[in-house]
Amino acid sequence: MPELPEVEILVRHLDPVLRGRTIRNVTVHRAKSVRPDTVRRFAAGVAGAKILQVRRRAKYLLFDLETRSNAPDLLLGHLGMTGRMYVQSTRAALPKHAAVSLRLNRGVLVFEDTRYFGRMTLDTSSLVKLGPEPLSDQFNGHVLQEGLRKCSQPIKPKLLDQGLLAGVGNIYASEALWHARISPRKLSRRLSGTQCDRLAECVQVVLRKAIEAGSTIPLDFSGDGTGDGLFYYGSTSETVSHEENLSVYDREGEPCSRCKGMIRRIVQANRSTFYCPQCQRG
DNA sequence: CACCATGTTCCTTG
DNA sequence: CCAAGGAACATGGT
């Protein structure tokens with residue numbers, strides 16, 4: 001599920017469904033999924049709260065809560081690598097890897113997370129280290145250049161630094177660089193002003209396009225087949241948008257659609273990078 | 001069995 | 001102290 005566009009799509013689905021609902025009951029199936037909260041503190045803080053709004057910041061879901069005074073009023077969700085969130089019927093069985101489930105006045109908000117790298121927590125400290133939202137006017141080529149000025153890392157792994165800009169992940173980092181025709185191995189501080197402008201622009205275009213593509217994917221109401229209209233599944237069908245819309249990610253050995261070069265896979269900072277050595281130069 | 005996976009954080013190294 | 005690299009986290013797919 002999880003880069004900025006996928007989280008954005010999920011938030012757009014969840015907000016109208018959850019807005020105004022009250023959390024009647026809290027079950028933490030995996031204690032580590034609410035870290036650094038304890039199960040006790042999390043349950044006490046969330047039970048009885050009313051969800052006022054669901055928003056996004058970077059790859060985080062923000063649930064604004066109305067709670068008793070002095071209680072934390074912001075619940076934070078992060079999908080990690082494999083997290084999903086959806087509302088299902090109270091009668092439906094929980095998935096094998098349910099991490100947290102919140103029973104509402106109607107339906108259950110399920111946080112499912114196969115690898116348990118994700119979070120649902122009242123601790124919001126991770127938000128303070130985040131850089132600008134790439135789709136806001138707080139982000140542009142100049143801001144990017146400033147952030148890269150003293151950086152000796154190659155540009156691609158640097159794009160994953162959430163303190164530089166917040167929300168780009170491994171897929172869209174490779175994609176943005178391809179669109180900007182910049183080598184992922186280029187030293188960050190060596191990007192020219194023009195390149196920074198172009199890269200900032202391409203980051204925005206790639207993210208916007210992905211959100212647009214995700215918006216056209218129909219919701220998956222399949223759930224468990226009880227079909228009472230409650231089901232909002234986080235898209236199961238992102239593979240569709242992958243194959244259709246990605247230019248280099250996971251396309252090692254395929255020809256570049258722009259120059260007929262051969263797309264390569266390399267490893268940087270322990271993660272895969274995909275690029276076209278022909279049209280992405282130093 | 002080996003290697004790969006949309007992310008973050010911690011530990012080590014330089 | 002800082003930046004960068006690597007591993008850990010946990011499970012499943014190929």
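In what follows, every chain begins at residue 1, and chains take the letters A, B, ... in the order their sequences are listed. This structure is a prediction, so every number in the text was calculated from the model and none was measured.
Here the P atom of nucleotide B/dT9 and the CD atom of A/Gln162 are 9 Å apart, to the nearest Å. For the pair A/Leu127 CG and B/dT9 P, the interatomic distance rounds to 10 Å; values are reported in whole Å. In this structure, the OH atom of A/Tyr249 is 6 Å from the C1' atom of B/dT6, given to the nearest Å. Spacing between atom NE2 of A/His97 and atom P of C/dG13 amounts to 9 Å, rounded to whole angstrom units. We find that CE of A/Met81 is positioned 10 Å from P of B/dT8, with the value rounded to whole Å. One interatomic measurement links the two molecules: CZ of A/Arg35 to P of B/dG7, which rounds to 18 Å at whole-angstrom precision. We find that CG of A/Asn245 is positioned 18 Å from P of B/dT6, with the value rounded to whole Å. For the pair A/Arg119 CZ and B/dG7 C1', the interatomic distance rounds to 10 Å; values are reported in whole Å.
Nearest to the side chain of A/Tyr116, among C/dT11, B/dT6, B/dT8, sits C/dT11. When the nucleotides C/dG12, B/dT6, C/dA3 are ranked by their closest atom to the side chain of A/Ser152, C/dA3 comes out on top. Proximity note for A/Arg30 (side chain, C-beta onward) versus C/dA4, C/dA10, B/dT9: the nearest is C/dA10. Between B/dA5, C/dT11, C/dG6, one nucleotide has an atom nearer to the side chain of A/Asn270 than all others, and that is C/dG6.
Within 4.0 Å of A/Lys32, counting heavy atoms only, lie sugar-phosphate atoms of the nucleic acid but no base atom. Using a 4.0 Å heavy-atom distance criterion, A/Arg271 is classed as a base contact. Backbone-only contact: A/Asn170 has heavy atoms under 4.0 Å from sugar-phosphate atoms and none from a base. Nucleic acid contact class of A/Lys158 (heavy atoms, under 4.0 Å, all strands): none.
Contact between the side-chain N/O atoms of A/His78 and the OP1/OP2 oxygens of B/dT8 is found at a separation under 4.0 Å. The phosphate of C/dA3 (OP1 or OP2) has no side-chain N or O of A/Gln153 nearer than 4.0 angstrom. Taking side-chain N and O atoms only, A/Lys59 has no distance below 4.0 Å to OP1 or OP2 of B/dT6. The phosphate of B/dC4 has OP1 or OP2 within less than 4.0 Å of a side-chain N or O from A/Arg265. Phosphate contact (OP1/OP2 of B/dG7, side-chain N/O of A/Thr82, threshold under 4.0 Å): absent.
Minimum interatomic distance between A/Tyr249 and A/Glu175 (heavy atoms only, all atoms of both residues): N-OE2, 2.9 Å.
For the C1' atom pair drawn from B/dT6 and C/dA4, the interatomic distance equals 23 Å after rounding to whole Å. To the nearest whole angstrom, the two P atoms, one in B/dA2 and one in C/dA7, are 16 Å apart.
Pair check for B/dA5 finds C/dT11; Watson-Crick or G-U wobble, both atom distances under 3.5 Å.
Within the 3.5 Å criterion, the main-chain N or O of A/Leu109 finds no donor-acceptor partner in the side chain of A/Gln88.
Both A/Leu160 and A/Arg115 sit near DNA chain B, but only A/Arg115 has its closest nucleotide nearer the 5' end.
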*Evaluate the criterion side chain to side chain contact (heavy atoms under 4.5 Å, CB included) for residue pair A/Tyr275 and A/Val248; output intermediate values, then yes/no.*
CA-CA 6 Å; A/Tyr275 75 113; A/Val248 284; 5.5 Å; no
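Hydrophobic clustering (ILVMFWY, side-chain heavy atoms < 4.5 Å, transitive): A/Ile23 and A/Leu52 are in distinct clusters.
For the pair A/Val267/A/Thr273, no side-chain contact is recorded, criterion being any heavy-atom separation below 4.5 Å from C-beta on.
Taking the ring axis of A/Trp178 as reference, the NZ or CZ atom of A/Arg251 does not stay both within 45° of it and closer than 6.0 Å to the ring centre.
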